[in-house]
Amino acid sequence: EPSKRGVATGIIIGGMPLGILISSRLLPLILGSMGTGAWRYGWMAMGVLVILMGVVSFLLIRDRPKETLGGAIGEGQGLARGSPINWGLAFKNRAVLLLCSLNFSIGLAGGIFATFFVAYLVAQWGLTQSQASDAYGLVGLAGAASGLLWGYISDVIGRRLGLATDYYLFFVSLAILTFVSLPGAEYAASFLGGLTLYGGMTVTVALVGDAVGPRMVPAAFGLISLAFNTGQMISPALAGAITDATGSFTPPLIMATLF
């Protein structure tokens, strides 16, 4: 149902930060117990998990909800197989194009946040590697609940206001990390960043469903994901070049805050 689309999407999106949280605890155990070649076993473990998830998805996920054991969820909403799809409508939709630009920006800012968080705290704040890693661990912990939280919020107050609120709070997180050096500020920035970094994607998916309809979501969200991932792809190289040129992690974080 459209009124519950945000919560449903949030449950799915919440799996990404949950995976980050689990891997951040699992990999140190592997790396610390298997010697110099432990990184190979770490990658092997991640690969095996991905294969298992692929098998589970193949066995359980169906194109049409009525094919699952849950019954005819979504039946009657224009999801019949074989109905024509005008893919160009998704690419010409103003809401989709606006979301592409927003997600490019959030991908760029989020990529800088995720890549340089620990290094920034160590180099600029003087924290130990362990302290900085503990602070960053809050990103996964808060992010695990962020999808469901922001999905619910968007169902209650609306997609646009929910998305704007999420982006504003992520801006606050970046501003705290960049400009506030008080004790405990790193934990506040990490928790708030994790709580909002994945929330925007949750609201975006729900908003796309509202804007173009269930049948067009794959095309529209595929374009938005391309924009988001492009921002994430270029952010480490761009921020790294700025850091090398200035000798400080602060300028790229200021750039991320402005984005």
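Predicted model, so just to flag it, every value in this text is computed and none were measured.
How far CG of Leu169 is from OH of Tyr167: 12.5 Å, rounded to the nearest 0.5 Å. Distance CG/Asp155 to OH/Tyr152: 9.0 Å, rounded to 0.5 Å. The distance from atom CD1 of Ile254 to atom CG of Leu177, rounded to the nearest 0.5 Å, is 11.0 Å. Rounded to the nearest 0.5 Å, atoms CD1 (Ile153) and CG (Leu161) are 9.5 Å apart.
Smallest separation of non-hydrogen atoms from Ala256 and Ala109: O-CB, 3.5 Å. Shortest non-hydrogen contact noted between Val172 and Leu192 is CG1-CD2, 3.8 Å. In plain terms, the two heavy atoms of Val203 and Arg159 that are nearest each other are CG1-O, 3.4 Å. Nearest heavy-atom pair across Ile176 and Ala185 is CG2-O, 3.6 Å.
Phe191 is linked by a ring pair (Phe, Tyr, Trp, His ring centres under 6.0 Å) to nothing, counting only residues two or more places apart in sequence or in another chain. Scored by the ring pair (Phe, Tyr, Trp, His ring centres under 6.0 Å) test, Phe170 finds Phe113 as partners (sequence neighbours excluded).
A side-chain donor-acceptor contact under 3.5 Å links Tyr120 to the backbone of Thr178. For the pair Asn229 (side chain) and Ser225 (backbone), a donor-acceptor distance under 3.5 Å is present. Remark: the backbone N or O of Gly193 is paired with a side-chain donor or acceptor of Ser173 at under 3.5 angstrom. A donor-acceptor contact shorter than 3.5 Å is absent between the side chain of Trp150 and the backbone of Leu163. Ser190 places no side-chain N or O within 3.5 Å of a backbone atom of Glu186 that could act as its donor or acceptor partner.
With a 6.0 Å radius and a threshold of 12 heavy atoms from other residues, nucleotides or ligands, Phe179 has its CZ atom above the threshold.
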| Derivation of the side-chain contact (heavy atoms from CB on, under 4.5 Å) call for Thr250 and Thr243 | CA-CA 8 Å; Thr250 302; Thr243 300; over 6 Å; no
Hey, can you pull the donor-acceptor pairs under 3.5 Å for the side chains in residues 100-107, sequence neighbours left out?
from   : atom 1 : to     : atom 2 : distance (Å)
Ser101 : OG     : Leu98  : O      : 2.6
Asn103 : ND2    : Leu99  : O      : 2.8
Ser105 : OG     : Ser101 : O      : 3.3

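Within the 4.5 Å cutoff, the side chain of Ile112 has heavy atoms near those of the Leu253 side chain. A heavy-atom distance below 4.5 Å is found between the side chains of Met255 and Ile242.
Follow the hydrophobic side-chain contacts under 4.5 Å out from Leu238 and you never reach Leu226; the two are in separate clusters. Under a hydrophobic clustering in which Ile, Leu, Val, Met, Phe, Trp and Tyr are joined whenever their side-chain heavy atoms come within less than 4.5 Å, directly or via other members, Val50 and Met53 fall into different clusters.
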